[in-house]
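Below you'll find the structure, written out as structure tokens, and then a few comments.
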Amino acid sequence: MQFRQVFEDIFRFEILLAAGVFAAIAAALLLALALSRKKSGDRRRRDSHPLVEGGYALVLAAVAGVIVYITASAHDEVREASTTNRTDPAPAAEVKVTAFQWCWQFDYARNDKTVTGVCSEKDRKLPTLIVPAGQPVKFNLTSSDVIHSFWIPDLAVKMDAFPDHTNSVTLTFDHPGRWLGRCAEFCGPYHPSMHFYVRAVPPEQYEQWVQA
Amino acid sequence: MNPALKPVLVVLGWAAFNAVLVLLMLVYGENALFIGMYGAAVGLALLVAGAVFLGRRDPAGQGRRTVAVASQSGLLFALAAVLAGAGLIFGYWLTGFAIIPLLAALARQRKEVLPRGAAPAATEVSTLHSQRPQGGDGGPVAKGVKAATATVVAAKAAGWWRRRRRSSRT
Amino acid sequence: MTSRLTATEPPGPQPTHEPPRSWLASTDHKRIAILTLGTALVLLFAMGGLALAMRTQLAQPDSDFVQNDTYNQLFTMHGSGMIYLVITPMALALGLYLVPLQVGSPTVAAPRTTMLGYWLYVLGAIAVLSGFLTAGGAAKEGWTAYTPLSSARFAPNVGTDLWILGNFASSLGMILIAGTVLWTVLLKRARGMTMLRVPVFSWAMVATNLMVLAAFPSLLIALGLLAVGRMSPDVFSSNVWNIGYQHLFWFYGHPVVYVMFFPFVGAVAEVLATFARRRFFGYKATVLSLLAFAALSMSVWGHHMFTTGQVADDYYSLTSIALLVPAGIEYFAMLGTIIGARLRFSVPMLFALAFIPQFLVGGLTGIMVATPVLDYQMQDSYFVVAHFHYTLAAGSLFGFFAGFYFWFPKATGIMLGKGLGHVHFWLMVVGINATFLPMFWLGMEGMPRRVASYLPTDGFGTLNFISTVGSWVLGVAMLAFAANLVVSIVRRRTRRAADNPWEAHTLEWATSSPPPPLNFDAAHPLPPITSFTPLLDLRRKHVKDREPT
């Protein structure tokens, strides 16, 4: 759930910043409207103020620097957690995710186990990706036709599935549960119903399932 | 303060800032192919700068200026281009048809320009209603002279470039 | 110099006065610009109509107002139409109309090349739209037309071929127009019009046209690559061409966002300064920031590709966030222009004032989507849809209308109606925000873009319904605009515009409304050019001269 956690932290940071900036500019705008009602004429003849402008530009650059630093650090954190070559702890499961027009296929490295389903608007037969909860799972995303995108909105994670290319991402599902996944990249007529489920189950249950 | 900000410096400065950004890309390790793509765009901006530089000088353009007063050739050239393109979709026979507007455009093109050094007569402001001040300090002739003078001065810069374009197009 | 004879007894061909040739074969930059703007306005209504059909479909879950396949054509044509055929041409045509006037040039450089640009645009638009008449329907792969989906294997319809051809032609036309306008502002300025006396709007056009010349060729190459994929789709079984297409496309696709923005910032700047009765504040800082903004915007394209897992995310994130510096300077200048001034709230000013907070929403959410860890959630969701509509519709379109109400009297000699103008403005404000604000939440809740329907269980119903009602309000607002246009033209005799009805500052207001063919003449000579606001200088001098010493 690394992605979700970081998403929430950074989103909170940026939305607060944005709200502050919006409030400041809205206040300035309202001030302009209020001042324009005054009866006395406009006395200002000054059309620029290079010192203030320069100083202001520096402040802006500093703000940009802070945002870049915070968000890039968060990105590093996410990348570290989801990187593919890590050994500590080694991924407990490895799944090849193949997107195709218009559904998903999940191939488990162990036991040649394969899961697929029918992606239709009535989501009864959607393919379900079963993963062990609390353990890192490595996904290798690819496509057999056009570009798709593997998106689990509740977990704030998205990664494209390209033909002739594999993107890998390692995710850890903190607790058992079921989440809806969607295709996020427009991929043709049946794109709107190209959903899947991710179900995280306790590790022992996962073992049973994968052995079966 | 800065009376001599030359136009070519504007374009060059812009290209230079882009070049810095291209270099910064090297630090971040983007694929060389796509750094090259950005680099090519900087090259384009440099070409624009070069054209501006030459256009400013334009020693050869003196006295060879012409003024276009009609532009039917524009439509004909565009028609030829789109027909040729449509040939890729609907079959190459359409490309053959593109030759007709192309030839027509080339023929038209010569008739659209005034003789060297001449300028168009003043035209009325044709609009939904005419509200130009009556009388004033100049009849139509005076206005025409003024306008013609302005055009010729302006055509100085345009002429060379237009001829360049035309010769590259034909 | 030219002899007197040429004026009275001209040799050779002369401009014709008979419509339609006087328009369709004109070499007058104003007429070419009005043709371009008129075409773009007609298409604006058409593309907006497509959007209304989409919003109506999305009002309810599981709706079947339009078929899935039709819906895919609608969003493709709405998106690509608005970007390639409406807002970009509008932005460049505004520059084509105003730049020669603002810098005191009688003509645009190479008017026939400019006209060629217009015709390429028109014929291109016809090609794109004719896709609707073909058996397989219009293009339906989104305005981005990602490969391999848009290759002949997955999209065999002729509509997609026509889409590629048409967009190639019209974008080529835009490059030609941009080139001639840039040439005009750089090399055809009147005597005394130094670069640092060029008005803010014309500077915005310098930045815009530089971007067009450097970035649009990349689109032509990308479309060429698509054309190759139409003939031999196997090209796209190799990843490098797929990711390469995205790079080529977005290398155009991001700068174009600013091409569709800068001219309207320039328009807003002129409007704010005029109705504040002041010079635009921080001229040099603004000019510098516009150029820096334009350069930075060339380097951010990869932020559209964070989820591809194949770009150097942190570089693009850095440059994208750095955009807040020039944007912040421009906001500072806009606010510095109006704070403490005695404002006049005419219709153009209303649009310009609303532009400030509304575009800000788009800009601030832009920082969010430029942050990779947030973009992993927001990319291709309705959050992004909301974000770019705040920049393009709530921002650029408002800037456009500010400029339209402002310069319409100059271009036609007719004032637009005030009453209908207010109706148009307020309905736009309500409609825009009601339509696009809910989309931020839809995106956060996980609604992907480019879906024709959603399930009742998704829980997207309420927000979508609000958004749809908002879009209908927007539709009514545009009808009010159309009505205003028609009524004003019909009642032109009572709505004559003076040469400078708003007491504006720049050279276009020194000539007649509408200006004569060569912009300035004996009755309307160029005033002395003393700064970037020559007319304001004249007025102030006049006031000073009358003051007792």
Side-chain angles (χ1 to χ4, degrees), chain B residues 2-3 5 7 14 17-18 21 25 28-30 34 37 41 44-45 48 52 55 68-75 77-78 82 85-86 89 111 114-115 118-121 123 125-129 131-133 136 138 141-152 154 157-158 161-162 165, chain C residues 1-2 4 6-8 10-15 17 25-27 105-107 109-113 115-116 119-120 123 127 161 165 169 183 186-188 194-196 210 213-215 217 247 251 291-292 295 298-299 312 314-315 319 412-414 492-493 496 512 514 516-518 521-523:
Chain B
N2 262 329
L5 175 61
W14 192 75
F17 188 18
N18 273 297
L21 292 166
M25 219 170 195
Y28 280 83
E30 178 56 276
F34 307 120
M37 177 181 77
L44 269 179
V48 173
V52 170
V69 292
S71 61
Q72 282 96 332
S73 62
L75 172 57
F77 275 125
V82 172
I89 305 174
K111 295 182 193 156
L114 294 180
T123 47
V125 183
S126 125
T127 173
L128 297 164
H129 59 262
Q131 53 143 42
R132 301 182 61 198
V141 176
K143 277 182 201 167
V145 170
K146 195 101 174 183
T149 312
T151 314
V152 170
W161 177 243
R162 198 183 300 120
R165 294 205 86 102
Chain C
M1 253 316 128
T2 325
R4 185 176 291 266
T6 53
T8 46
Q14 284 300 315
H17 308 294
S26 176
T27 51
S105 166
T107 58
R112 287 187 295 170
T113 306
M115 196 49 142
L116 171 61
W119 286 118
L120 282 170
L123 295 177
D161 294 323
L165 171 69
W183 195 260
L186 291 181
L187 295 180
K188 295 195 64 177
T194 62
M195 282 312 285
L196 287 173
L210 280 172
L213 293 184
H247 275 285
F251 190 72
L291 291 169
M298 299 287 292
S299 70
D314 288 337
Y315 172 80
T319 50
T412 60
I414 304 168
R492 60 186 175 275
R493 311 230 167 262
R496 289 190 176 184
S512 59
L518 296 174
D521 58 19

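Source: prediction; values computed, not measured. Just so it is clear: chains get the letters A, B, ... in the order the sequence lines come, proteins before strands, and each one is counted from 1.
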When only pairs under 4.5 Å are counted, which of [options] shares the most heavy-atom pairs with chain B?
options                        : value
C/A127, C/A214, C/A169         : C/A214
C/L213, C/L210, C/L291, C/D161 : C/L210
C/M298, C/H247, C/M115         : C/H247

Keeping the roles fixed (side chain from C/Y315, backbone from B/L21), state whether a donor-acceptor pair exists under 3.5 Å.
-> yes
Can you tell me if B/E30 uses its side chain to pair, donor with acceptor, with the backbone of C/A312 under 3.5 Å?
-> yes
Who pairs with B/Q72 by side-chain hydrogen bond (donor to acceptor under 3.5 Å, both in side chains), at least two apart in sequence or on another chain?
-> none
Close side-chain approach of C/T107 to C/K188, heavy-atom, < 4.5 Å = yes
Against chain B, label C/A215 side chain, backbone, both or neither, depending on which of its atoms sit under 4.5 Å from a heavy atom there.
-> neither
What residues form a side chain to side chain contact (heavy atoms under 4.5 Å, CB included) with C/S26, not counting sequence neighbours?
-> C/D28, C/R31
Measuring heavy-atom distances to chain C, does B/V82 have an atom under 4.5 Å in its side chain, in its backbone, in both, or in neither?
-> both
